[in-house]
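When a residue number appears, it is its place in the shown sequence, counting from 1.
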Amino acid sequence: MVFNIIGLGLSDERDITVKGLEAVKRSERVYLEAYTSLLLVPKEKLEEFYGKEVIVADREMVEMEADKILEGAAERDVSFLVVGDPFGATTHTDLELRARSQGIPVRVVHNASIMNAVGATGLQLYRFGEAVSIVFFTDTWRPDSFYDRIAANRKAGLHTLCLLDIKVKEPSLESLARGKKVYEPPRFMSVATAVAQLLEVEERRGEGAYGPETLAVGVARVGSESQRIVAGPLAALADVDFGPPLHSLVIAGDTHPIEQEYLEQFLVDKVGTAAAAAEAAGSGGVAVPQ
């Protein structure tokens, strides 16, 4: 039959495409990849909407037990669900190659991902350079490979999408040293943490790739009803409450006048004033515009 790799979009169970939903309903088994990104709803919501049991596939299953996922896909439909678009992570490319090597037909159903939905900021997609990942620093590991890529993008006048780290079902280093896996609680990097790490690296490298006053845009829960976008100096974004995950960050390059006009609605001062007005209205008070 066929192995379906289906993009789910960014927000909730309703973001799946009609084509994707039809494929899920035809499938005997349905897996949900749950470590490169997460939807904003639990898997039970998906099961209710799809009318199918959903098996959570963590990193260990996808990377170490891929054959288990592909088992029987040559005889009956199996679906593998991916938050965002199927090709947002190299792991999913590897899974498709494994399926094809076993003679299993593969069907890919695309969807929105942060790679294109970041256009909600008003920054034009064709003016983005290479995207980078910002991982959580530890006491002994503070990688800065992203710095050179941001510097190259900004030298070319291009924007940089920073994908912020998530940790889901990650074993602690201490448990691995003892030979027995104990998983840490889930962690999701915030814009504030990303800003702090970026500025730490700039201070250490000192090459002027960006600075506290560099224009940046923080985004949270893109595509959902609670989507939040705030633009302003990089350092100022560290003081903005972006709410629950997932967060991403854009370091702006040269901006076109149309981009500048669109970004005005998201500037940190205007967003703060709007939030204060909404809070005052909810409490019966009156906010004075700044």
Side-chain angles (χ1 to χ4, degrees), residues 10 37-38 114-115 117-123 127-168 186-224 226-255 259-260 262-276:
L10 294 168
S37 189
L38 296 173
I114 189 60
M115 302 295 286
V118 72
T121 60
L123 297 175
R127 295 173 63 85
F128 276 77
E130 183 178 358
V132 301
S133 296
I134 311 294
V135 302
F136 281 111
F137 284 176
T138 69
D139 292 340
T140 58
W141 189 55
R142 309 178 90 76
D144 61 4
S145 59
F146 57 79
Y147 185 87
D148 295 316
R149 298 190 186 99
I150 296 174
N153 285 344
R154 284 179 49 77
K155 184 177 181 180
L158 301 175
H159 313 310
T160 305
L161 172 61
C162 302
L163 304 172
L164 308 189
D165 201 6
I166 69 172
K167 300 288 188 185
V168 179
R187 290 194 297 156
F188 308 92
M189 184 178 287
S190 66
V191 168
T193 297
V195 168
Q197 294 189 181
L198 283 160
L199 293 177
E200 175 187 318
V201 171
E202 174 56 56
E203 184 175 357
R204 183 168 73 237
R205 296 281 296 267
E207 299 171 25
Y210 51 81
E213 297 303 314
T214 297
L215 176 63
V217 188
V219 299
R221 301 172 304 285
V222 175
S224 74
S226 65
Q227 171 178 293
R228 184 156 171 75
I229 301 172
V230 182
L234 181 61
L237 296 187
D239 297 324
V240 175
D241 180 6
F242 283 89
L246 299 170
H247 295 185
S248 298
L249 178 68
V250 179
I251 308 296
D254 298 338
T255 52
E259 292 177 308
Q260 295 170 14
Y262 199 91
L263 280 174
E264 284 182 5
Q265 64 186 302
F266 302 129
L267 290 176
V268 64
D269 291 340
K270 291 189 176 182
V271 170
T273 300

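- For Glu130, the salt bridge (Lys or Arg N to Asp or Glu O under 4.0 Å) partners are Arg149, not counting sequence neighbours.
- For Phe128, the ring-ring contact (aromatic ring centres under 6.0 Å, His included) criterion is met by His159, not counting sequence neighbours.
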Yes or no on side chain to side chain contact (heavy atoms under 4.5 Å, CB included) for Ile134 and Leu198, after CA distance, side-chain angles and deciding distance?
CA-CA 8 Å; Ile134 311 294; Leu198 283 160; 4.1 Å; yes
Name each donor-acceptor pair under 3.5 Å that joins a side chain in residues 242-254 to protein atoms two or more places apart or in another chain, with its distance.
| residue | atom | partner | partner atom | Å |
| --- | --- | --- | --- | --- |
| His247 | ND1 | Val191 | N | 3.1 |
| His247 | NE2 | Gly243 | O | 2.8 |
| His247 | NE2 | Pro244 | O | 3.1 |

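- Scanning both residues, Tyr262 and Thr121, for their nearest heavy atoms gives CD2-O, 3.4 Å.
- With sequence neighbours excluded, the residues satisfying salt bridge (Lys or Arg N to Asp or Glu O under 4.0 Å) with Arg205 are Asp144, Asp148, Glu207.
- Between Val230 and Phe266 the shortest side-chain heavy-atom distance does not fall below 4.5 Å.
- With sequence neighbours left out, Tyr147 forms a ring-ring contact (aromatic ring centres under 6.0 Å, His included) with Tyr210.
- The closest side-chain heavy-atom distance from Val201 to Phe137 is below 4.5 Å.
- The structure places CG of Leu164 at 8.0 Å from OG of Ser190, a figure rounded to the nearest 0.5 Å.
- Remark: side-chain polar atoms of Arg221 are paired, donor with acceptor, to backbone N or O of Ser226 under 3.5 angstrom.
- Residues satisfying the side chain to side chain donor-acceptor pair (under 3.5 Å) criterion with Thr255, sequence neighbours excluded, are Gln260.
- Every residue meeting the side chain to side chain contact (heavy atoms under 4.5 Å, CB included) condition with Pro186, not counting sequence neighbours, appears here in chain and number order: Phe188.
- Remark: Glu213 engages Pro233 in a side chain to side chain contact (heavy atoms under 4.5 Å, CB included) (not counting sequence neighbours).
- Across all non-hydrogen atoms, the minimal contact from Glu202 to Gly208 is OE2-N, 3.0 Å.
- Looking at heavy atoms from C-beta onward, Met189 lies out of side-chain contact with Ile166 at the 4.5 angstrom threshold.
- With sequence neighbours left out, the salt bridge (Lys or Arg N to Asp or Glu O under 4.0 Å) criterion links Arg127 to Glu259.
- The minimum heavy-atom distance between Ala231 and Leu237, with the atom names listed, is C-CD2, 4.1 Å.
- The minimum heavy-atom distance linking Val195 with Ala238 is given by the pair CG1-CB, 4.0 Å.
- For Ala235, the side chain to side chain contact (heavy atoms under 4.5 Å, CB included) partners at least two apart in sequence or on another chain are Leu199, Pro212.
- None of Val135, Val132, Leu163 except one satisfies the side chain to side chain contact (heavy atoms under 4.5 Å, CB included) rule with Phe146; the exception is Val132.
- For Thr160, the side chain to side chain donor-acceptor pair (under 3.5 Å) criterion is met by Asn153, not counting sequence neighbours.
- Applying the side chain to side chain contact (heavy atoms under 4.5 Å, CB included) rule to Ala120 yields the partners Gln227, Ile229; only residues at least two apart in sequence or on another chain are considered.
- For the pair Arg154 (side chain) and Ala209 (backbone), a donor-acceptor distance under 3.5 Å is present.
- Closest heavy-atom contact between Val240 and Arg228: CG1-NH2, 3.7 Å.
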